[in-house]
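Computed from a predicted structure; not experimentally measured. Side chains included, hydrogens not; waters and symmetry mates left out as well; all remaining heavy atoms used.
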Amino acid sequence: MSQNPIAETIASLMPRAKQELTELVAFQSVADWAQFPQSESQGAANWVADALRAEGFQDVALLDTPDGTQSVYGFLPGPGGAPTVLLYAHYDVQPPLDEAAWISPAFELTERDGRWYGRGAADCKGGFIMHLLALRALKANGGVPVGVKVIVEGSEEQGTGGLQQYAEAHPELLTADTIVIGDTGNFRLGLPTVTATLRGMCLIKVKIDTLGGNLHSGMFGGAAPDALAALIRLLDSLRAADGSTTVDGLASDAVWEGLQYPEADFRADARVLDGVELIGEGTVADRLWARPAVTVLGIDCPPVVGATPSVHASAGALISLRVPPGVDTAEAVKLLEAHLVAHTPWQARLGLEVVGQGQPFRADTDSPAYASMAAALQAAYPGEEMQISGMGGSIPLCNTLNSLYPEAEMLLIGLSEPEAQIHAVNESVSPQELERLSVAEALFLVNYAESKRG
């Protein structure tokens with residue numbers, strides 16, 4: 001099979017891909033029913049299932065996972081004796097945050113300045129469209145040369161572990177020779193990249209109580225213990241003066257060996273304001289890919305508007321800890337909990353609740369599948385060679401799949417390059433990246449099938 005027909009077919013399919021992504025982005029599929037109706041996620045799951053059936057997939061099913069969400073599964077048989085490849089994406093998305101800050105509506109795919117804007121366009125509804133494009137191109141040019149399983153998760157962004165638990169209870173379902181996770185991204189727009197490491201993550205809710213109720217700050221302030229002040233002191237204990245994460249007993253001095261992230265590029269990608277320093281020490285790659293990072297995701301306290309002169313009886317926060325490869329997340333959680341207990345001031349009452357966690361991941365980049373992907377990416381991105389990078393984010397399922405199927409090779413690619421601004425307002429996807437990565441995935445499946453025949 002020559003390469004040009006694959007690329008030509010995918011180019012011809014891009015208008016259809018845009019329409020389908022428009023339909024999929026329209027579902028407000030945030031897997032938090034307190035924020036968005038469950039029916040929105042169910043609608044997205046049904047859309048994905050219908051798309052798989054239309055492509056000839058068998059055994060298409062909406063899997064009810066233990067966290068109350070649904071993942072979508074389908075199987076496309078391949079030629080006799082061909083290997084099986086598992087393709088992963090997720091249809092759930094992050095909340096849009098400040099909808100007023102979106103230039104165009106978050107759940108309406110909008111083309112602007114050569115990009116397609118919308119929540120989930122890159123992370124990771126576009127990843128599912130990428131899989132569809134690759135398979136359609138192969139079907140139009142001689143057929144899909146491998147067996148294909150597709151799994152599209154419904155709660156990846158929440159970190160609640162539904163699909164991981166389901167896979168552990170049904171280990172035969174996702175067995176494959178190779179797994180392609182379509183949920184990362186190129187290091188830079190136009191630079192083909194596979195991701196070799198992921199940080200793990202845990203989420204902990206913190207609650208501090210100090211009083212039986214709020215008190216007048218004039219009558220009681222200065223002696224009555226303020227829960228909000230206690231929370232601020234506690235959260236501050238998680239960072240050194242330079243901003244480095246400081247959790248008692250958790251190492252934060254590892255070094256990243258490999259592709260580096262120039263500080264000037266990072267400042268531009270992160271939109272750091274002029275004159276504001278970066279936090280932490282070591283290279284940017286060290287800080288993002290090899291070391292832990294604490295982030296305060298939210299605080300429960302009165303807003304400025306409507307605030308009263310009160311000493312606060314209670315305050316709370318949601319804390320995220322990113323856990324680097326080589327560190328067990330369960331152990332990191334214990335260290336974080338112990339740190340929070342030890343640093344709570346004034347003997348305030350402390351409540352802790354772990355609401356989600358996932359292990360870090362490190363891929364075997366010497367596996368044969370990487371050679372097949374390197375050739376595919378080089379063909380899809382003429383003049384460029386495949387790069388290998390880390391990723392500071394988390395995909396909890398990766399470690400589960402690695403544990404269940406230790407012989408399976410695993411590759412991580414996707415559409416979330418820095419300009420995509422995933423998890424932020426005005427998320428977008430580059431249609432050029434969608435097209436080229438779809439070509440690369442199709443060529444990878446061809447290369448991989450040939451390598452197995454050889």
Could you verify whether a donor N or O on one side chain and an acceptor N or O on the other, from R188 and Q387, lie under 3.5 Å apart?
no
Apply the salt bridge (Lys or Arg N to Asp or Glu O under 4.0 Å) test between R115 and each candidate in E427, E417, E433; give the one that qualifies.
E417
Given S29, which partner from the list K125, R119, H90 fulfils the side-chain hydrogen bond (donor to acceptor under 3.5 Å, both in side chains) test?
K125
Distance alone, cut at 3.5 Å: any donor-acceptor contact between the side chains of S71 and Y166?
no
Consider only side-chain N and O atoms of Q164 and E168, and report whether a donor and an acceptor are under 3.5 Å apart.
no
In terms of heavy-atom contacts, does CZ of R349 have more than 12 from other residues, nucleotides or ligands at under 6.0 Å?
no
Should the heavy atoms of other residues, nucleotides or ligands under 6.0 Å from CD of E407 be counted, would the total exceed 12?
no
Test applied, side chain to side chain contact (heavy atoms under 4.5 Å, CB included); reference residue, L397; option that passes from D183, I179, N402, L163:
L163
Let's go through L412 and I395 carefully: what are the C-alpha distance in whole Å and the side-chain angles of both, what is the deciding distance for side-chain contact (heavy atoms from CB on, under 4.5 Å) to 0.1 Å, and is it a yes or a no?
CA-CA 10 Å; L412 290 81; I395 306 175; 4.2 Å; yes
T193 side chain to F187 main-chain N or O, any donor-acceptor pair under 3.5 Å?
yes
Considering residues, nucleotides and ligands other than Q347, do more than 12 of their heavy atoms fall under 6.0 Å from its CD?
no
Return the minimal non-hydrogen interatomic distance between V72 and A45, and the atom names on each side.
CG2-O, 3.6 Å
Provide the full list of side-chain hydrogen bond (donor to acceptor under 3.5 Å, both in side chains) pairs with a residue in residues 219-241, sequence neighbours left out, each pair given once.
S237-H339
